[in-house]
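Quick note on labels: first sequence line is chain A, next is B, and so on, each numbered from 1.
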Protein chains: 2
Amino acid sequence: MTSLKDVAALAGVSPSTVSRVINGTMHVSVATRKRVEAAIAEVNYRPNLLAQSLRLQVTKNIGLLVPEIAHPSFNLVIKYIEKSASKRGLNLLICNTENDYRREAQAIDMLLRQRINGIIFSRVSDESHVTSMSRSSNTPMVVIDRAFHNEKIPNVILDNYHAGVLAAKHLLACGCTRIATITGSFKIGLSRERYQGFRDTIEKSGLECDPALVHEGEFSFENGVAGVKEFLTKGLKFDGLWGQNDLIAAGAIATLMRNGIKVPHDVAVMGMDDVQFAAMYYPTITTIAQPYQQLCEKAVDYIDKLTNEECIDPFQVRLKPSLVVRESTQKENNLF
Amino acid sequence: MTSLKDVAALAGVSPSTVSRVINGTMHVSVATRKRVEAAIAEVNYRPNLLAQSLRLQVTKNIGLLVPEIAHPSFNLVIKYIEKSASKRGLNLLICNTENDYRREAQAIDMLLRQRINGIIFSRVSDESHVTSMSRSSNTPMVVIDRAFHNEKIPNVILDNYHAGVLAAKHLLACGCTRIATITGSFKIGLSRERYQGFRDTIEKSGLECDPALVHEGEFSFENGVAGVKEFLTKGLKFDGLWGQNDLIAAGAIATLMRNGIKVPHDVAVMGMDDVQFAAMYYPTITTIAQPYQQLCEKAVDYIDKLTNEECIDPFQVRLKPSLVVRESTQKENNLF
DNA sequence: TTGAAAGCGCTAACAC
DNA sequence: GTGTTAGCGCTTTCAA
């Protein structure tokens, strides 16, 4: 591959002059500039970013770690991180951790060897682990989507308590009086927070929050199915249901319908995240939207700021979710 | 950041010895090896891949270009390419082209500057364009998901004609006699091929393929909606429908149901791709599955082979799709 | 078995 | 305004 030296030889100038033309770092006389540009075009010269990064001690690459690439919400995270990064001329290296802390460690190590500019963690698997990796390097890091307490690593998260509040308020406004919920694992803080906001709001309204109508499990379609099956098997009645993400909600809706229970006519169901298929389901799914775009934009912004050694303030951003009303909770417009 | 030189100084050996220990390229006496290893551990040394790549003239990174990250099928492509790449110790740089040939050109240029090891194109936007870029470099490239005629760039594609055959056969086997289809743009070869296989099969069975029951558009949910609306507005009757991808099928199902037409009872509907939500829809969607995993594995394998200057054979791989039967075409097990 | 030295392609101080 | 030179961190001959 042609190098800067080749271009210089062709144009009859020194390598530094070519460098100056390319980077516009200093004034170069018009005549030589023309000659250099002609030479560059002639040999189709492409600067070697490896050499440049080595010399400058900076790269234009950032790393993104997600637990699972083909998951509708991480999918959106990837999309928006890429968008924000590319807007700033940064390139994205994607790593799938598969929720395995060993793969996570490997990925971080690889990224640090690449001397990338920053790492964004979506849903870190093991806090102490990332912490120890971060200690041995001063590469900018940001954690999104999960509260993370570390004096070096800022986080951009969602106000999950508020998400629970919004969900409960909406179901109450729909006239529901026996409200069920299917949650993610309570080992994960955000599941607990969502549930807390949800429960507090229902109880504040004067209704009780029946523990039997709470099903804890994973953030998956299958868990939505399992939750509804459990409620039905126990013969429990309910007229509203919140799944802590849209996958759960979809599983719940499908299972209710399969059992002859109509959504929203008999049970109003809502989800959370506002992933793409929420608007494509039948019925379309009412949901608590995460501001993914803002969240990702902020994360990349923080990497940028840390790179330039600007200070991060606030150190933990907590974004607000919002309600998106669709068919699955609109009892008045009965679909069936 | 600590360099090889620092480690060498600490261990009291020369840089070359440290290099030899790390890479295992030559025999090093046990005593010095121990000392070097201790030094490496002590300072938490991480080799600089930038320097190494510059020296060795190879990187361990590959690039993947997709037209849209947050699309259920490209999502699967990203997932499986990452999987195959990471199995081979390769890292993945993702670029979103947004179907814009200018962004595509920019992305290719950036990747070539990074001196990445290979580029995988999913659905190239403009053939001649990629071709010209490829001419000026000898970086391994592979095109997937779209037939591409270039003597330097192999492709891994799907037998789209056969997909159409399978879809038609299945709907015929379901007892459908008036079969509609909603296709992607006929400007794209694969839409035409799918339709051709579909049509040939229907006609071979003795039925006619009514041109009024063909709706051409995009590979989107909205096009599924639009297609069914068109058929219904025209007062056309049909008892089977194939959407050329699962998004179209979902849009069609939702629209039929909204109009009181039951799926699969009144109309059997099927899609294509077998994206994740196909198994989560209500009803679950019968579909023609693309072997994404195989396709991606092959693509990465080809990059690997080209890197090692092995020969590629066959130059164009055409994989077979397969039928996945779910509820949306099972008339006998009426869901409603 | 180990070290010295050159060089991958680039940039930036320093000269002129 | 332009050239010379050193060096980013690594590997690899070549010598010892």
For the pair made of CG in A/L50 and C1' in C/dT11, what is the distance, rounded to whole Å?
15 Å
Using only side-chain N and O atoms of B/S19, determine if any of them is under 4.0 Å from OP1 or OP2 of D/dC10.
no
Please answer whether the main-chain N or O of A/F148 pairs with a side-chain N or O of A/N155 as donor and acceptor at a distance below 3.5 Å.
yes
Distance, rounded to the nearest Å, where A/L54 contributes CG and D/dA6 contributes P
18 Å
Which listed nucleotide (D/dG1, C/dA12, C/dG3) is nearest to the side chain of A/L56?
C/dA12
Residue pair B/V30/B/A51 against DNA chain C: nearer the 5' end by closest nucleotide is B/V30
Quickly work out the A/Q52 CD to C/dC8 P distance and round it to whole Å.
18 Å
Rounded distance (nearest 0.5 Å) linking atom CD1 of A/I116 with atom CG of A/L111:
4.5 Å
Taking any heavy-atom pair under 4.0 Å as a contact, classify A/S53: base, sugar-phosphate, or nothing.
nothing
Per atom distances to the B/V13 side chain, the nearest of C/dT2, C/dT11, C/dG3 is C/dG3
Given 3.5 Å as the limit, does a donor-acceptor pair link the side chain of A/R46 with the main chain of B/D109, or not?
no
Round to a whole Å and report the spacing from CE of B/M26 to C1' of D/dA15.
12 Å
What is the distance, to the nearest angstrom, from the CZ atom on B/R33 to the C1' atom on C/dT2?
13 Å
Any idea which of D/dC8, C/dA4, C/dT1 is nearest the B/S29 side chain?
C/dT1
Is the phosphate of C/dT11, meaning OP1 or OP2, less than 4.0 Å from a side-chain N or O of A/Q57?
no
Side chain of B/R20 (C-beta onward), nearest among D/dT2, D/dC8, C/dT2
C/dT2
Any carboxylate oxygen within less than 4.0 angstrom of a Lys/Arg side-chain nitrogen, looking at B/E68 and A/K79?
yes
Polar side-chain contact B/T25-D/dT12 base: donor and acceptor under 3.5 Å
no
Report yes or no: does A/K298 contribute a side-chain atom to a donor-acceptor pair with the main-chain N or O of A/V317 at less than 3.5 Å?
no
Here the distance between atom C1' of D/dG9 and atom CG of A/N48, to the nearest Å, is 14 Å
Nearest-Å distance for atom pair NZ/P, residues B/K5 and C/dA6
14 Å
Whether B/T17 contacts C/dG3 is assessed here as follows: a side-chain N or O lying under 4.0 Å from the phosphate OP1 or OP2. Is that the case?
yes
Heavy atoms only, 4.0 Å cut-off, all strands: where does B/S3 land among base, sugar-phosphate and nothing?
sugar-phosphate
Would one find a side-chain N or O of B/S16 under 4.0 angstrom from OP1 or OP2 of C/dA5?
no
Of B/V28 and A/R55, the one whose closest nucleotide on DNA chain C sits nearer the 5' end is B/V28
A/I22 atom CD1 is separated from C/dC10 atom P, nearest whole Å, by 7 Å
Side chains of B/S14 and B/T17: do they bring a donor and an acceptor to under 3.5 Å?
yes
